[in-house]
Amino acid sequence: MNIFIDSNILYEDYYFESKFNKQIFEYCKKGIVNIYMSDIVKLELRHQLEKELEETSNEINKLNKKLNRLSSDTINTDISVKDALQYFDDFYDKIEKDYKGYSTLKYKNNFLPYIVNKAIKKEKPFAKNKSELKDAIIWKTYSDFVEKEDISNCILLTNNTTDFCQKKDKSKVHEILAKDSSKFEVINKGYHFIKKY
């Protein structure tokens with residue numbers, strides 16, 4: 001079984017710690033499943049983490065100012081964004097090195113003509129009034145890899161059913177995307193994957 005992760009699956013769970021994502025990760029450690037993550041997904045997750053840390057730090061600073069004004073003790077919680085991002089980098093570097101079943105897939109510069117063509121035509125994952133460059137790169141990275149390596153039993157783990165899926169059947173990639181690869185089943189939560197498989 002080959003699982004291809006979209007960013008939104010890990011926005012609330014950067015390190016595969018929730019019950020079902022953790023189980024999937026354990027299956028990867030044991031060699032039962034392979035997990036693939038586009039480098040775009042990893043960059044997007046890292047950026048999301050950085051934003052979340054900065055927002056939390058700002059909230060704590062505001063709270064400390066208010067506590068100071070009220071002559072109360074302040075909260076001694078220093079958030080080191082730099083250290084947290086280093087932990088993130090170390091975590092993903094370590095799993096890439098230590099687990100055969102985990103791989104980061106690099107996008108290729110020669111994807112640009114494909115992506116520009118889709119953007120101009122507003123073909124999935126693009127849509128009118130919406131520009132999803134990163135989704136197009138993620139999809140092309142995954143579909144290109146699957147087709148070149150002739151991999152089967154592929155799961156696209158994503159909550160983004162609007163951009164990736166058929167309107168009537170959210171378990172299938174959109175017909176236009178299926179022209180690139182029809183080897184993907186779509187599952188939108190770790191829970192659903194564990195329940196099904």
#### Entry: ring pair (Phe, Tyr, Trp, His ring centres under 6.0 Å) involving Y15 - partner list, sequence neighbours excluded
Y87, F91
### Message
Show the nearest heavy-atom pair for residues I24 and G190, with the distance to one decimal.
### Response
CD1-CA, 3.7 Å
### Task
Please tell me if the side chains of I155 and M1 come closer than 4.5 Å, counting only heavy atoms from C-beta onward.
yes
### Query
Does any non-hydrogen side-chain atom of E54 lie less than 4.5 Å from one of V81?
yes
### Task
Would you check if the side chain of N8 reaches a backbone N or O of N159 as a donor-acceptor pair within less than 3.5 Å?
yes
### T158 side chain to N160 backbone, donor-acceptor under 3.5 Å
yes
### Message
Could you check whether any side-chain N or O of Y107 sits under 3.5 Å from a backbone N or O of D39, counting only pairs where one atom can act as donor and the other as acceptor?
### Response
no
### Message
So if I apply the ring pair (Phe, Tyr, Trp, His ring centres under 6.0 Å) rule between F4 and each of F193, F184, Y102, which one comes out positive?
### Response
F184
### Query
Got a salt bridge between K22 and D13, using NZ or NE/NH1/NH2 to carboxylate O under 4.0 Å?
no
### Task
Kindly determine whether E44 and Y11 satisfy side-chain contact (heavy atoms from CB on, under 4.5 Å), including the steps that lead there.
CA-CA 9 Å; E44 192 174 12; Y11 274 164; 3.0 Å; yes
#### Entry: Heavy-atom side-chain contact between Y27 and I194 under 4.5 Å
yes
### Message
Return the NZ to NZ distance between K108 and K140, rounded to the nearest 0.5 Å.
### Response
8.5 Å
### Message
Looking at I137, is its backbone amide N or carbonyl O close enough to the side chain of T141 to form a donor-acceptor pair, meaning the two atoms are under 3.5 Å apart?
### Response
yes
### Pairing residues for D180 by the salt bridge (Lys or Arg N to Asp or Glu O under 4.0 Å) criterion, not counting sequence neighbours
none
#### Entry: Residues K29, E26: salt bridge by 4.0 Å N-O rule
yes
### Query
Does the distance from a Lys or Arg side-chain N to an Asp or Glu carboxylate O, for D90 and K94, drop under 4.0 Å?
no
### Message
Is there a side-chain contact (heavy atoms from CB on, under 4.5 Å) between K170 and V186? Walk through the geometry before answering.
### Response
CA-CA 7 Å; K170 302 297 185 188; V186 180; over 6 Å; no
#### Entry: Heavy atoms from other residues, nucleotides or ligands near CD of E175 exceed 12 (cutoff 6.0 Å)
yes
### Task
Identify the two heavy atoms, one from A84 and one from L53, that lie closest to each other, and give their separation to 0.1 Å.
CB-CD1, 3.3 Å
### Query
Is the F164 ring parallel, tilted or perpendicular to the W139 ring (thresholds 30°, 60°)?
tilted
#### Entry: Aromatic ring proximity, centroids under 6.0 angstrom, F145 and Y36
yes
### Message
Would you say I176 ends up clustered with L133 if hydrophobic residues are merged whenever their side chains have heavy atoms under 4.5 Å apart, either directly or through other cluster members?
### Response
no
### Spacing of E12 atom CD and Y14 atom OH [to the nearest 0.5 Å]
7.0 Å
### Query
Which is it for H174 and K167 under the side-chain contact (heavy atoms from CB on, under 4.5 Å) test, yes or no, and what are the steps along the way?
CA-CA 8 Å; H174 193 278; K167 281 188 177 183; 5.9 Å; no
### Message
Less than 4.0 angstrom from a charged side-chain N to a carboxylate O is my criterion; do K196 and E185 meet it?
### Response
yes
### Task
Hey, could you give me the NE2/CG distance between H192 and L157, rounded to the nearest 0.5 Å?
10.0 Å
## Note on the structure
Between C28 and I35 the two heavy atoms that sit nearest each other are CB-CD1, 3.7 Å
### Short side-chain to backbone donor-acceptor contact, T56 and E52, under 3.5 Å
yes
### Task
Name all residues meeting the side-chain contact (heavy atoms from CB on, under 4.5 Å) criterion together with L43; count only those two or more places apart in sequence or in a different chain, and write none if there are none.
none
### Task
May I ask you to test the V41-K134 pair for a side-chain heavy-atom distance under 4.5 Å?
no
### Task
Give the intermediate values and the outcome of side-chain contact (heavy atoms from CB on, under 4.5 Å) for residues L85 and R46.
CA-CA 7 Å; L85 293 176; R46 190 179 194 278; 3.5 Å; yes
### Value rounded to 0.5 Å, distance of OG in S182 from NZ in K172
10.5 Å
### Query
Are side-chain N/O atoms of N34 and N2 paired as donor and acceptor at under 3.5 Å?
yes
### Message
Between K42 and F88, is there a side-chain heavy-atom distance shorter than 4.5 Å?
### Response
yes
### Task
Mind checking the CG-CD1 spacing from L45 to I5? Nearest 0.5 Å is all I need.
9.0 Å
### Task
Tell me, with the steps shown, if Q23 and Y191 meet side chain to side chain donor-acceptor pair (under 3.5 Å).
CA-CA 9 Å; Q23 187 63 53; Y191 164 77; over 6 Å; no
### Query
Out of curiosity, L112 CG to N117 CG, how far, rounded to the nearest 0.5 Å?
11.0 Å
